[in-house]
Amino acid sequence: MGYGSKFRNFQSELTKRYHGGSALDITGQATPGRTGKFEVEVNGKLVHSKDGGEGFVDSPAKLQKIMMAVEQALEERETQEGGDAVVGKTV
């Protein structure tokens, strides 16, 4: 499975868990000339990096770590009444 497929699966999982994803801005970005980069940022903070040795989001523990960061961002957003939590992924 290529990086694009892994991103789409991850995006689908987030959308299911967060009521259609309406509170999230989930983006993917190709990195031309480079392979193997698979990162997750929540509101600009890196919370998962394949390059950093964490591999793909392929276990419940890895997914849970990301979900905790998303939950925290959503709680902060509610407190500040700002925009959507932003989940970015570089593929």
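One-based numbering along the sequence shown.
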Determine, stepwise, if the pair Arg17 / Leu63 fulfils side-chain contact (heavy atoms from CB on, under 4.5 Å).
CA-CA 11 Å; Arg17 288 181 182 247; Leu63 185 59; 3.5 Å; yes

Close side-chain approach of [X] to [Y], heavy-atom, < 4.5 Å:
{"X": "Val47", "Y": "Gln72", "value": "no"}
{"X": "Leu14", "Y": "Met67", "value": "yes"}
{"X": "Lys16", "Y": "Ser12", "value": "yes"}

Looking at Ala69 and Val42, what are the two nearest heavy atoms and their distance?
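Closest pair (atom of Ala69, atom of Val42, distance): O-CG1, 3.7 Å.
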
Quick one: does any side-chain atom of Glu54 pair with a main-chain N or O of Ser49 as donor and acceptor, under 3.5 Å?
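Yes.
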
Spatial distance of atom CD1 (Ile66) from atom CE (Met68) [nearest 0.5 Å]:
11.5 Å

About how many Å separate CG of Asp58 and CZ of Phe10, when rounded to the nearest 0.5 Å?
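Going from CZ on Phe10 over to CG on Asp58, the span is 11.5 Å.
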
